[in-house]
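The structure under discussion appears below in the form of structure tokens.
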There are 2 protein chains.
Amino acid sequence: MEAVAPRRTRIQKEKRELILEAALDTFSTHGFRGATIDQIAEAAGMSKPNLLYYFHRKEDIFETLIQRLLITWLQPLRELDDVGDPLTELGAYIRRKLEMARDYPRESRLFANEILQGAPRIMPMLEGELKSLVDDKAAIIEGWMRAGRIAETDPYHLIFSIWATTQHYADFDVQVRAVLGPERGGNARFEDAAQFLERLFLGSLRPQCP
Amino acid sequence: MEAVAPRRTRIQKEKRELILEAALDTFSTHGFRGATIDQIAEAAGMSKPNLLYYFHRKEDIFETLIQRLLITWLQPLRELDDVGDPLTELGAYIRRKLEMARDYPRESRLFANEILQGAPRIMPMLEGELKSLVDDKAAIIEGWMRAGRIAETDPYHLIFSIWATTQHYADFDVQVRAVLGPERGGNARFEDAAQFLERLFLGSLRPQCP
DNA sequence: CTAACGTTTGTCCAAACGGTCAAAAATTGC
DNA sequence: GCAATTTTTGACCGTTTGGACAAACGTTAG
């Protein structure tokens with residue numbers, strides 16, 4: 001049942017990377033239907049038939065992109081584990097997520113686009129792999145709560161809120177920059193956001209406070 | 001310079017509403033380019049030329065939709081004012097925003113789609129109207145902080161976080177439902193979210209806590 | 001050098017797209 | 001009830017789209 005890794009020449013590997021890079025640009029800003037093969041081909045510096053020599057269908061490019069993205073996308077959450085101080089763990093998770101929003105905004109927007117359209121291509125993964133990963137991590141967080149190490153809350157909505165706030169700085173970047181204006185919209189906005197979010201989440205989770 | 005309101009017959013008013021309703025469905029899930037006039041026309045129960053009798057271009061439909069949306073979209077923030085207890089004010093704002101995500105998810109997704117694509121049609125509004133509105137409200141929040149009525153934080157990132165978390169329940173709805181599963185993904189998720197978010201934000205803003 | 005293989009290109013296609021138009025049908029005002 | 005107006009329709013147009021294909025071009029190993 002496992003697909004065998006196809007043998008590829010040096011040129012094939014290089015050109016496929018070039019195409020995926022160009023496609024990430026195009027898909028992430030225009031969505032699947034909004035992006036055209038011509039557009040991607042031009043961004044990759046090749047002709048349309050040439051591009052179709054490497055990826056036979058438009059969907060193939062998109063699916064390769066999404067599959068690759070999902071592996072790295074959930075890595076920060078996977079790294080959240082039981083050892084160490086809960087607040088330090090969660091703080092590190094928030095920081096990693098925000099770094100991903102800063103360093104991989106196109107991936108974030110691609111994912112957002114797919115979800116906005118009802119996740120037609122990744123629904124099984126959401127209900128399977130993602131759900132069980134979140135279930136696992138929610139159980140860890142609940143363990144911390146029962147042990148009195150952090151305040152009691154809903155761990156699922158806690159995770160949703162961390163996703164929402166961190167990804168917001170990638171997905172809604174133009175809005176953030178427009179509102180902050182030229183003075184505050186520089187690269188410092190990510191450091192400001194990191195400080196704010198750490199305070200917001202960790203402050204509300206400190207056991208003594210609520 | 002102000003556009004005069006065009007006179008319209010009863011049928012024109014009704015059919016235009018029908019079209020806008022169908023277009024909201026279509027645009028919010030497929031984006032501007034991804035949606036087709038045929039698709040919208042069929043959803044509105046009329047032929048393509050008939051639809052084009054009421055809106056001469058596809059962009060006209062989209063722009064009417066966006067303009068109408070923006071008026072109601074910023075209403076909750078507009079209602080945030082200086083009278084009353086700060087924590088009550090902010091709690092009410094969060095609740096109103098979450099209600100909008102629950103009651104108008106298509107509008108939220110339409111807006112998200114536009115921002116994801118770089119806000120080509122509403123950039124002036126973001127830099128103008130939206131920025132000055134947020135500047136105003138951030139000043140109010142800063143006033144509360146200086147008076148010691150709430151803890152010190154960045155008011156801009158506070159507003160961003162409220163936007164991000166509440167809109168997440170509209171924009172990423174399929175993901176939220178997939179992760180919560182059939183048991184917890186029912187309509188109760190909005191009440192759970194409301195409780196969680198109120199605790200998260202108000203807890204971290206209580207002056208004594210930090 | 002050359003045969004085999006990998007890569008690139010120009011040309012072509014059918015479907016889907018946004019949009020037009022004149023004529024038919026329905027509605028409205030008198 | 002009829003004329004003027006508004007609404008609906010079917011046929012049509014040029015363009016863009018995803019994709020196919022054979023021929024031309026490069027590359028590489030023997």
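It should be emphasised that the depicted structure is a prediction, and the values quoted were computed from it without experimental measurement. Per chain, numbering begins at 1; letters A, B, ... match sequence-line order.
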For [X] versus [Y], what's the shortest heavy-atom pair and its separation?
{"X": "A:V83", "Y": "A:E89", "answer": "O-OE2, 3.2 Å"}
{"X": "B:P86", "Y": "B:I150", "answer": "CB-CG2, 3.7 Å"}
{"X": "B:D171", "Y": "B:A112", "answer": "OD2-CB, 3.7 Å"}
{"X": "B:G34", "Y": "B:Q39", "answer": "O-OE1, 3.9 Å"}

**Message:** Within the 4.0 Å heavy-atom criterion, would you say A:Y54 contacts the bases, only the backbone, or no part of the nucleic acid?
**Reply:** sugar-phosphate

Send over the distance from [X] [atom1] to [N] [atom2], rounded to a whole Å.
{"X": "B:I61", "N": "C:dG19", "atom1": "CD1", "atom2": "C1'", "value": "12 Å"}
{"X": "B:F62", "N": "C:dG18", "atom1": "CZ", "atom2": "P", "value": "14 Å"}
{"X": "A:K15", "N": "D:dG26", "atom1": "NZ", "atom2": "C1'", "value": "11 Å"}
{"X": "B:E14", "N": "D:dT6", "atom1": "CD", "atom2": "P", "value": "17 Å"}
{"X": "A:L51", "N": "D:dA20", "atom1": "CG", "atom2": "P", "value": "13 Å"}
{"X": "B:L52", "N": "D:dA11", "atom1": "CG", "atom2": "P", "value": "18 Å"}
{"X": "B:K58", "N": "C:dT20", "atom1": "NZ", "atom2": "P", "value": "14 Å"}
{"X": "B:R16", "N": "D:dT8", "atom1": "CZ", "atom2": "P", "value": "14 Å"}

**Request:** Identify, residue by residue, the members of residues 27-39 of chain B with a heavy atom below 4.0 Å from DNA chain C, and return them in order of residue number, or none.
**Result:** B:A35, B:T36, B:I37

**Point-to-point distance, once rounded to the nearest 0.5 Å, from CZ of A:R199 to OG1 of B:T153** =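 Here the interatomic distance stands at 4.5 Å.
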
**Message:** As an exercise, state the distance from CG of B:L180 to CG of A:D154, rounded to the nearest 0.5 Å.
**Reply:**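 If we round to the nearest 0.5 Å, B:L180:CG and A:D154:CG are 7.5 Å apart.
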
**Asked** Closest nucleotide of DNA chain C for A:P49 versus for A:Y53: which of these residues is on the 5' side?
**Response**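 Closer to the 5' end of DNA chain C: A:Y53.
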
**Asked** Which class fits the ring pair B:F62 and B:F27: parallel under 30°, tilted 30 to 60°, perpendicular over 60°?
**Response** perpendicular

**Prompt:** Do you know which of B:L110, B:I37, B:I40 makes side chain to side chain contact (heavy atoms under 4.5 Å, CB included) with B:T26?
**Reply:** B:I40

Are [X] and [N] close enough that a side-chain N or O sits under 4.0 Å from OP1 or OP2?
{"X": "B:K48", "N": "D:dG10", "value": "no"}
{"X": "B:N50", "N": "D:dT9", "value": "yes"}
{"X": "A:S47", "N": "C:dT9", "value": "yes"}

**Message:** Among A:R109, A:R189, A:R102, exactly one meets side chain to side chain donor-acceptor pair (under 3.5 Å) together with A:D173. Which residue is that?
**Reply:**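 Of A:R109, A:R189, A:R102, side chain to side chain donor-acceptor pair (under 3.5 Å) with A:D173 is met by A:R189 alone.
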
**Item:** Rounded (10°) bend between the five-pair end axes of the helix from C:dC1-D:dG30 to C:dC30-D:dG1
**Value:**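 Here the helix ends are tilted 20° relative to one another.
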
